[in-house]
Amino acid sequence: MWRTLVIVAALGGLAATARVDAAPKEPTAESRRQEAQKGQQDRIQALTRRGRLTTYQQLLGSDSVRSADSKTAAQTEAFTRDAAIDLAALGFTAADVKSYRGRNTDLFDIAYRFFVGTTTTPAEQMLLADTVVIATAGDVRAGKARTDGFLSEIPFTVVKSLKGNRAIRDVILLPRNSGPTGKDTEQIDFSEAKFTPGKNYLLVLSKNWYEQYVAMAKKQPESHFTALPYLAYEVSPDGALLSGPKPALSGVAPKDLRSIEAELKRHQEKSQAGERREI
């Protein structure tokens with residue numbers, strides 16, 4: 001069967017295609033500023049559709065990015081706005097920022113570094129995630145009509161829940177940009193992680209980021225629990241974490257499930273201690 005393969009490059013969950021025959025133009029500083037402002041407005045509109053505009057506004061007035069990349073006041077303001085948008089999208093509030101700041105954890109800085117794509121450790125990515133599970137991969141499913149704009153999905157059956165409200169035997173769906181686009185066409189996103197059906201994986205996920213992505217596309221999220229992955233490691237029978245299929249780009253990679261559980265417990269204990277101090 002003849003098929004046309006559309007290659008998609010993805011970064012931060014957003015897919016884009018480009019014409020290879022078009023001569024690239026060097027963007028000016030003004031055009032980059034305008035593009036950044038438009039991107040922020042699109043993301044703020046998505047927050048509004050999700051009912052999180054007030055949360056974003058409160059976050060914006062609660063803290064700022066303290067990054068070395070901020071060379072001017074205007075840059076600091078822009079980076080801070082980006083981080084506030086992303087934190088609101090991930091379900092964090094101004095109260096969370098204050099609580100973590102009191103425990104020497106800078107949510108604005110972590111969010112800024114994560115979404116800029118510089119350096120965030122697996123522990124920091126687990127902090128930003130709303131769901132961490134060990135789950136068994138199923139076969140890729142494609143061809144059904146979707147409300148969220150994705151083309152296929154991989155079902156994962158939860159074996160153990162480490163963070164979030166998923167229970168054993170719950171099914172989590174990981175959406176995919178790859179899939180059929182017509183009778184004889186298929187889109188392939190080569191950046192997407194590849195999973196082997198029947199194997200167990202540690203999945204560090206965000207349902208909130210999936211919902212933000214879908215809102216930005218002006219689509220509707222699927223009714224079944226669906227999330228986008230930050231990290232994914234294959235789990236060996238003895239609990240060791242094998243490389244990939246979606247490892248962290250920086251920081252020390254976790255070696256086994258015991259270290260993951262200890263890290264999550266440490267954050268939970270710090271959170272509970274912070275809550276007690278604020279009462």
- Item | Cluster check Val133, Leu202: I/L/V/M/F/W/Y, side chain < 4.5 angstrom | no
- Query: Ignoring hydrogens and geometry, is there a side-chain-to-backbone donor-acceptor pair from Ser152 to Ser178 under 3.5 Å?
  - Reply: yes
- Item | Donor-acceptor contact present, side-chain Glu211 to main-chain Pro221, <3.5 Å | no
- Message: Nearest 0.5 angstrom please: Leu228 CG to Thr131 OG1, how far?
- Response: 11.0 Å
- Message: How long is the straight-line distance from CG of Leu257 back to NZ of Lys160, given to the nearest 0.5 Å?
- Response: 7.5 Å
- Residue pair Phe108 / Leu87, side-chain heavy-atom distance below 4.5 Å: yes
- Query: Mind checking what makes side-chain contact (heavy atoms from CB on, under 4.5 Å) contact with Ala46, not counting sequence neighbours?
  - Reply: Arg49, Gln212, Ala215, Met216
- Taking salt bridge (charged side-chain N to carboxylate O under 4.0 Å, His left out) as the test, write out the residues that go with Asp42, two or more places apart. Lys38
- Is any side-chain heavy atom of Phe114 closer than 4.5 Å to a side-chain heavy atom of Leu128? yes
- Item | Hydrophobic cluster membership, Val132 vs Val159, 4.5 Å side-chain cutoff | yes
- Is the shortest side-chain N to carboxylate O distance from Arg146 to Asp148 below 4.0 Å? yes
- Query: Counting only heavy atoms not in Gln37, do more than 12 fall under 6.0 Å of its CD?
  - Reply: yes
- Message: Clusters formed by hydrophobic residues whose side-chain heavy atoms approach within less than 4.5 Å: which one holds Leu53, and what are its other members?
- Response: Ile44, Leu47, Tyr56, Leu60, Ile85
- In the single-linkage hydrophobic clustering (I, L, V, M, F, W, Y; side-chain heavy atoms under 4.5 Å), do Met126 and Tyr233 co-cluster? yes
- Query: CD/Glu124 to OG1/Thr119 distance, rounded to the nearest 0.5 angstrom?
  - Reply: 7.5 Å
- Item | Student check: side-chain heavy atoms of Ile110 and Thr105 closer than 4.5 Å | yes
Side-chain atoms of residues 237-249: list all donor-acceptor pairs with protein atoms under 3.5 Å, sequence neighbours left out, distances to 0.1 Å.
{"unit_1": "Asp238", "atom_1": "OD1", "unit_2": "Ser236", "atom_2": "OG", "d": "2.3"}
{"unit_1": "Asp238", "atom_1": "OD1", "unit_2": "Ala240", "atom_2": "N", "d": "3.1"}

- Gap separating the OG1 atom of Thr121 from the CG atom of Leu231, nearest 0.5 angstrom: 9.0 Å
- Query: Would a distance-only check, ignoring hydrogens and angles, find a side-chain to backbone donor-acceptor pair under 3.5 Å from Lys199 to Glu234?
  - Reply: no
- Nearest 0.5 Å please: distance from the CZ atom of Phe150 over to the CG atom of Asp189. 9.5 Å
- Note on the structure: Connected to Leu173, directly or through other members, by ILVMFWY side-chain contacts below 4.5 Å are Val171
- Task: Using atom types as modelled and distance alone, determine if a side-chain donor or acceptor of Arg52 lies under 3.5 Å from a backbone N or O of Ala88.
- Result: yes
- Message: What verdict does the side chain to side chain contact (heavy atoms under 4.5 Å, CB included) test give for Leu107 and Leu127, after you've listed the backbone C-alpha separation in whole Å, the side-chain angles of each residue and the deciding distance to 0.1 Å?
- Response: CA-CA 9 Å; Leu107 287 179; Leu127 176 60; 3.9 Å; yes
- Item | Distance-minimising heavy-atom pair for Gln125 and Tyr230 | O-CD1, 3.5 Å
- For the pair Thr226 (side chain) and His224 (backbone), establish whether a donor and an acceptor sit closer than 3.5 Å, ignoring hydrogens and angles. yes
- Query: Using 30° and 60° as the class limits, which term best fits the ring planes of Phe79 and Tyr112: parallel, tilted or perpendicular?
  - Reply: tilted
- Query: Do Val116 and Phe92 belong together in a cluster built from hydrophobic side chains that touch within less than 4.5 Å?
  - Reply: yes
- Task: State, yes or no, whether a side-chain contact exists between Ser206 and Leu90 at a heavy-atom distance under 4.5 Å.
- Result: yes
- Query: Is any side-chain heavy atom of Lys219 less than 4.5 Å from a side-chain heavy atom of Thr147?
  - Reply: no
- Item | side-chain hydrogen bond (donor to acceptor under 3.5 Å, both in side chains) assessment of Thr93 paired with Asp96 | CA-CA 5 Å; Thr93 66; Asp96 293 326; 3.2 Å; yes
- Message: Tell me the closest heavy-atom pair linking Gln187 and Asn177, and the distance in Å.
- Response: NE2-O, 2.9 Å
- Query: Heavy atoms, side chains only, cut-off 4.5 Å: are Asp170 and Phe225 in contact?
  - Reply: no
- Value rounded to 0.5 Å, distance of CD1 in Ile134 from OG1 in Thr157: 13.5 Å
- Query: So which heavy atom on Pro180 is nearest to which on Gly143, and how close?
  - Reply: CG-N, 4.3 Å
- Message: Does any part of the side chain of Tyr201, heavy atoms only, come nearer than 4.5 Å to the side chain of Leu174, both counted from C-beta?
- Response: no
- Tightest non-hydrogen contact, residues Gln220 and Val214, listed as C-CG1, 3.5 Å
- Query: Is the side chain of Asp130 donor-acceptor paired with the backbone N or O of Lys207 at a distance under 3.5 Å, no angle test?
  - Reply: yes
- Query: Thinking salt bridges, do Glu261 and Lys265 make one under a 4.0 Å N-O criterion?
  - Reply: no
- Message: Using the salt bridge (charged side-chain N to carboxylate O under 4.0 Å, His left out) criterion, which residues pair with Arg101? Sequence neighbours excluded.
- Response: Asp63, Asp106
- Query: Is there a donor-acceptor pair under 3.5 Å between the side chain of Ser161 and the backbone N or O of Arg166?
  - Reply: yes
- Minimum-distance pair of heavy atoms, taken over all atoms of Val158 and Ile172: CG2-CD1, 3.8 Å
- Message: Do Pro197 and Asp139 make a side-chain contact, defined as non-hydrogen atoms from C-beta onward lying under 4.5 Å apart?
- Response: yes
- Note on the structure: Heavy-atom closest pair (Ser62 atom, Leu59 atom, distance to 0.1 Å) is OG-O, 2.7 Å
- Item | Ala142 backbone acceptor or donor facing Arg176 side chain under 3.5 Å | no
- Give the intermediate values and the outcome of side chain to side chain contact (heavy atoms under 4.5 Å, CB included) for residues Lys144 and Glu153. CA-CA 10 Å; Lys144 78 166 189 175; Glu153 65 193 23; 3.6 Å; yes
- Message: Test of understanding: clusters of I, L, V, M, F, W, Y form through side-chain heavy atoms closer than 4.5 Å, transitively. Do Tyr213 and Ile154 belong to the same one?
- Response: no
- Taking Lys163 for the side chain and Leu264 for the main chain, is one N or O donor matched with an acceptor at less than 3.5 Å? no
